[in-house]
Amino acid sequence: MARHNTIPTILGGRIASSIKHILWAYIPGIDMLCEQEGEPVIDALINNLPNWENTPGIQYKKDGQLIVNPPAATISALERIPNLPWHFLSDHYFPKGVGFLLTGRGCPFKCHFCRVEDQPTEKYRTIEMDEIMKDVRYMIEQRKVSKIIIIDELFMQKKSRVMEFCQRIKEFKIEWRCSTRGDSITEADLPLLHAMRDAGCRELNVGLETGSREMLVRMNKKLNLERAERSIQLVRQTGMAINPTFIFAYPGETRKTALESIRWRKKMNLPGGYFYATPYPGSELYNEWIAKHNYSIEMEEKLLTQSLSLKNFRVNMTDMPDWRVKLLNAECLFRLNPLNYNYYHYIRKPLRALRKQLIAAVRHER
């Protein structure tokens, strides 16, 4: 990170609260860290410039000593936050006519692969509906989006609010999709599901993670598979699609648990792939991994800079050797998906990629 002599540099987000020892050790260009929501801190920072050391909610180093200021006020109501200045964003943020919309923040659940630290902001808080509709209108009229993806993890947490959203967005005649917990829908929600479908919702993203009860406990997912089955059936009754997420090779995963999950997915007609268990900072999964292997700060920094990816098998978190995990991965995918899917994704597509690499290498040699 390049350091500017006159402009203070602040780093925030999840990494600022979970791996601050790494940041201070390996990024000499930063002046301060923000461990909480950024809006009140930035507001106070601007008001305190040029004496930014007085800003609440930051920590910084002075004469080699770490100074931790008192926290800034917590945002209790998101309507106090100004609207996002969309005009500052390039078209890169609206790929292929798709707009991304945040209508609320927070999640009270503590799945081990996602989060661990208690925060005053973990309660789900929402943005005022008039402000949401202003954002929707801007994206449609100014950025010409034809589809909106709502990125709240718990959009359906407040059912009456979802119904209001449906009533309001219907006038725009636009396709949209949202996310919810996999077991949060009951028969009483069927009218709401139909209203969502009529208002343009075509797909629900649901975090199911596994069909193995043993692995659900290990993940601290607290998902009821029977209720999840009923939720899926109800969504499908309305004609909306289910886009589930699953995790493979989580700590404690065995062939038995992996195949349990595959059988449940086949029962529920949920083909496709899955994400690979990945230790991201701020999660219990990360903390357990670091402690289990007694990582030094150098080893931890190396782990974080090796391009961790949910979509690629980079870190083996099971007790199985790498070769067995890779073999089990292939077995699960072939059991789960039809032959034409497997042929395209795991034979034809990799061969095409290899062909491109070979052609590029030959051209480079010339």
Side-chain angles (χ1 to χ4, degrees), residues 109-114 153 179-185 203-236 241-280 283-286 288-289 292-293 308-351:
F109 301 99
K110 294 182 176 66
C111 302
H112 284 177
F113 54 82
C114 183
E153 295 172 321
S179 300
T180 188
R181 271 186 64 86
D183 59 355
S184 64
I185 297 171
E203 186 174 73
L204 262 66
N205 299 324
V206 291
L208 298 170
E209 319 315 346
T210 178
S212 165
R213 286 179 172 81
E214 178 184 341
M215 297 310 298
L216 285 171
V217 172
R218 289 181 178 273
M219 295 176 182
N220 197 40
K221 179 65 182 176
K222 294 183 172 59
L223 180 85
N224 183 291
L225 287 178
E226 286 72 25
R227 289 205 299 268
E229 291 176 8
R230 188 57 183 146
S231 293
I232 292 168
Q233 292 166 353
L234 290 168
V235 172
R236 285 173 170 165
I242 289 285
N243 180 33
T245 58
F246 289 90
I247 298 175
F248 174 74
Y250 197 84
E253 187 88 274
T254 62
R255 184 171 183 269
K256 175 179 174 290
T257 61
L259 294 184
E260 282 177 354
S261 185
I262 296 304
R263 284 192 292 270
W264 187 80
R265 290 181 65 174
K266 293 189 74 171
K267 169 187 172 183
M268 298 308 300
N269 189 25
L270 297 170
Y274 34 65
F275 294 121
Y276 298 92
T278 304
Y280 281 114
S283 67
E284 184 66 28
L285 184 61
Y286 181 86
E288 289 177 355
W289 181 256
K292 177 180 178 180
H293 296 276
L308 294 175
S309 172
L310 291 169
K311 296 183 178 180
N312 298 289
F313 180 62
R314 299 277 173 79
V315 181
N316 184 358
M317 307 202 72
T318 74
D319 293 326
M320 298 180 284
D322 286 2
W323 68 268
R324 190 177 292 278
V325 175
K326 292 177 181 178
L327 188 62
L328 179 59
N329 177 37
E331 179 185 1
C332 289
L333 291 172
F334 273 87
R335 283 176 177 266
L336 182 61
N337 297 300
L339 183 61
N340 59 343
Y341 178 97
N342 287 322
Y343 170 74
Y344 176 76
H345 284 278
Y346 308 114
I347 299 177
R348 184 179 177 187
K349 194 173 180 181
L351 286 176

- Any side-chain heavy atom of Ile232 within less than 4.5 Å of one from Leu270? yes
- So, the side chain of Ser231 versus the backbone of Ile185: is there a donor-acceptor pair under 3.5 Å, distance only? yes
- Check whether any side-chain heavy atom of Leu216 lies under 4.5 Å from a side-chain heavy atom of Leu225, and answer yes or no. yes
- Query: Going through the distances and angles, do Glu229 and Lys267 end up as a side-chain contact (heavy atoms from CB on, under 4.5 Å)?
  - Reply: CA-CA 10 Å; Glu229 291 176 8; Lys267 169 187 172 183; 3.0 Å; yes
- Should the pair Glu253-Arg218 be classified as a salt bridge under the 4.0 Å nitrogen-to-oxygen rule? no
- Message: Set out, in order, the CA-CA distance, both residues' side-chain angles and the distance that settles side-chain contact (heavy atoms from CB on, under 4.5 Å) for Glu260 and Met215, then state yes or no.
- Response: CA-CA 10 Å; Glu260 282 177 354; Met215 297 310 298; over 6 Å; no
- Side-chain donor/acceptor of Asn243 to backbone N/O of Leu204, under 3.5 Å: no
- Item | Glu331 side chain near Leu259 side chain, heavy-atom distance below 4.5 Å | yes
- Between Tyr286 and Pro279, what is the shortest heavy-atom contact and its length? CD1-O, 3.1 Å
- Message: So, taking the atom named OG in Ser261 and the one named NZ in Lys266, what distance separates them when rounded to the nearest 0.5 Å?
- Response: 12.5 Å
- Quick one: ring-ring contact (aromatic ring centres under 6.0 Å, His included) partners of Tyr250, sequence neighbours excluded? none
- So, for Ser309 and Arg314, which heavy atoms are closest and what is the spacing to 0.1 Å? CB-NH1, 4.0 Å
- Message: A side-chain contact here means heavy atoms from C-beta on lying under 4.5 Å apart; do Leu208 and Tyr274 qualify?
- Response: no
- Query: Which heavy-atom pair separates Asn316 from Phe313 by the least distance, and what is that distance?
  - Reply: CB-CZ, 3.6 Å
- Task: Looking only at non-hydrogen atoms, find the nearest pair between Leu285 and Pro251 and report the distance.
- Result: CD1-CG, 3.5 Å
- Distance (rounded to the nearest 0.5 Å) between Met219 CE and Ser212 OG: 8.0 Å
- Query: Can any side-chain N or O of Lys110 pair as donor or acceptor with the backbone N or O of Glu284 at less than 3.5 Å?
  - Reply: no
- Message: Keeping Asp322 on the side-chain end and Lys326 on the backbone end, is there a donor-acceptor pair under 3.5 Å?
- Response: no
- Flag, side chain of Thr278 to backbone of Tyr280, donor-acceptor distance under 3.5 Å: no
- Message: If the threshold is 4.0 Å, N to carboxylate O, is there a salt bridge linking Glu226 and Arg230?
- Response: no
- Query: For Thr210 and Lys221, what are the C-alpha separation, side-chain angles and deciding distance, and is it a side-chain contact (heavy atoms from CB on, under 4.5 Å)?
  - Reply: CA-CA 9 Å; Thr210 178; Lys221 179 65 182 176; over 6 Å; no
- Reported CD1-to-CD distance for the pair Ile247 and Glu209, which is rounded to 0.5 angstrom: 4.5 Å
- Provide the closest heavy-atom pair for Leu333 versus Gly273 in the form atom of the first, atom of the second, distance. CD2-CA, 4.1 Å
- Do the rings of Tyr276 and Phe248 sit parallel, tilted or perpendicular, given the 30° and 60° boundaries? perpendicular
- Query: Which value, rounded to the nearest 0.5 Å, describes the distance between Met268 atom CE and Gln233 atom CD?
  - Reply: 5.0 Å
- Heavy atoms only: give me the nearest Ala241-Val235 pair and the separation to one decimal. O-CG1, 4.2 Å
- Check whether any side-chain heavy atom of Phe246 lies under 4.5 Å from a side-chain heavy atom of Arg265, and answer yes or no. yes
- Donor-acceptor under 3.5 Å (Asp183 side chain, Asn224 main chain): yes
- Is a side-chain donor or acceptor of Thr257 paired with a backbone partner of Thr254 at a separation under 3.5 angstrom? yes
